[in-house]
Amino acid sequence: MNQQNPGNGNYRNAGRKMGSSNKFTKEAQENLQAILVENFEKLERLMNALPPDERIVHLKNFAKILVKGNDETSTGVKEVIFEQLLPHYKKMGQYLSHVDPDRKIREARQYLQLLNPQQIQEIIVDMNKRQNIKMY
């Protein structure tokens with residue numbers, strides 16, 4: 001089915017012209033970011049209200065946000081999220097102590113799946129340094 005577009009006669013070439021700015025302007029993105037930042041600033045209080053085993057799940061969901069996207073808006077939002085949740089990520093070991101061993105393994109695997117091989121290697125090197133283990 002070949003539909004015609006009255007604007008330029010060809011449906012395939014309809015839409016905005018290449019190189020023109022999207023209707024979702026920078027101003028709209030900044031307004032959206034301001035709203036998100038305002039709400040994300042409550043994250044630490046909300047996380048403190050959760051039991052440790054639920055914090056693990058929610059921190060994992062936010063970790064997915066933190067590792068994706070690098071446009072200016074998502075970078076600003078990620079900074080706020082990271083700032084609010086860093087104390088909780090640092091306490092991850094304490095939170096994991098509240099769950100059974102099988103779930104600890106599942107959660108750790110799911111976190112590792114969010115990282116690229118270089119990031120995983122950096123974690124292993126850091127863990128080895130902390131435990132004074134030499135890798136040959």
Side-chain angles (χ1 to χ4, degrees):
M1 180 186 327
N2 190 7
Q3 295 180 348
Q4 295 293 317
N5 182 345
N8 60 11
N10 189 341
Y11 181 74
R12 288 174 45 150
N13 294 330
R16 74 183 159 91
K17 303 288 183 231
M18 201 180 230
S20 65
S21 62
N22 193 331
K23 289 183 181 180
F24 188 65
T25 63
K26 182 138 179 86
E27 183 180 329
Q29 289 177 342
E30 289 171 357
N31 289 337
L32 179 60
Q33 181 179 357
I35 292 167
L36 291 172
V37 166
E38 185 178 312
N39 287 304
F40 282 134
E41 287 176 348
K42 301 173 187 172
L43 274 177
E44 188 172 7
R45 287 192 314 250
L46 295 172
M47 290 297 288
N48 285 331
L50 294 172
D53 60 328
E54 289 183 34
R55 289 180 195 176
I56 294 167
V57 173
H58 291 291
L59 287 170
K60 181 175 45 189
N61 292 333
F62 282 110
K64 292 176 187 175
I65 294 170
L66 292 171
V67 298
K68 294 183 180 174
N70 17 327
D71 59 84
E72 193 174 313
T73 301
S74 59
T75 301
V77 171
K78 286 194 287 188
E79 287 173 2
V80 173
I81 293 172
F82 184 74
E83 201 175 284
Q84 292 294 311
L85 296 179
L86 181 60
H88 292 284
Y89 283 113
K90 288 182 176 181
K91 295 177 187 174
M92 185 63 75
Q94 294 172 12
Y95 301 157
L96 286 170
S97 67
H98 292 274
V99 298
D100 63 85
D102 288 338
R103 182 164 174 213
K104 282 181 194 178
I105 293 169
R106 282 193 314 272
E107 294 294 339
R109 187 184 75 240
Q110 290 172 355
Y111 273 96
L112 287 174
Q113 288 174 340
L114 298 172
L115 305 174
N116 65 42
Q118 181 182 352
Q119 291 169 319
I120 294 170
Q121 182 65 33
E122 290 172 9
I123 291 170
I124 293 169
V125 168
D126 185 55
M127 287 171 54
N128 289 336
K129 284 180 184 177
R130 290 177 187 208
Q131 296 175 0
N132 293 323
I133 298 173
K134 293 182 181 179
M135 294 181 69
Y136 296 96

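The minimum heavy-atom distance linking Ala49 with Arg55 is given by the pair N-NH2, 4.5 Å. The shortest non-hydrogen separation linking Leu59 to Tyr95 is CD1-CE1, 3.9 Å. Between Ile56 and Glu107, the closest heavy-atom pair is CG2-OE1, 3.5 Å.
Side-chain atoms of Tyr89 come within 3.5 Å of backbone atoms of Ala63 as a donor-acceptor pair (strictly under, hydrogens ignored). Between the side chain of Gln119 and the backbone N or O of Asn116, at least one donor-acceptor pair lies under 3.5 Å. A side-chain donor-acceptor contact under 3.5 Å links Arg103 to the backbone of Asp53.
Going from atom CD of Gln94 over to atom NE2 of His88 covers 11.0 Å, rounded to the nearest 0.5 Å. To the nearest 0.5 Å, atoms CD (Gln121) and CD1 (Ile124) are separated by 5.5 Å. To the nearest 0.5 Å, atom CG of residue Asn61 and atom CD of residue Gln110 are 9.5 Å apart. Atom NZ of Lys60 is separated from atom CE of Met92 by 9.0 Å, given to the nearest 0.5 angstrom.
His58 places none of its side-chain heavy atoms less than 4.5 Å from the side chain of Leu46. Considering only heavy atoms from C-beta on, Arg109 comes within 4.5 Å of Arg106 through its side chain.
No more than 12 heavy atoms of other residues, nucleotides or ligands lie within 6.0 Å of CZ in Phe82, so this atom counts as exposed by the packing criterion.
Residue Leu86 is grouped with residue Leu96 when hydrophobic side chains (ILVMFWY) are merged at heavy-atom distances under 4.5 angstrom, including chains of intermediate members.
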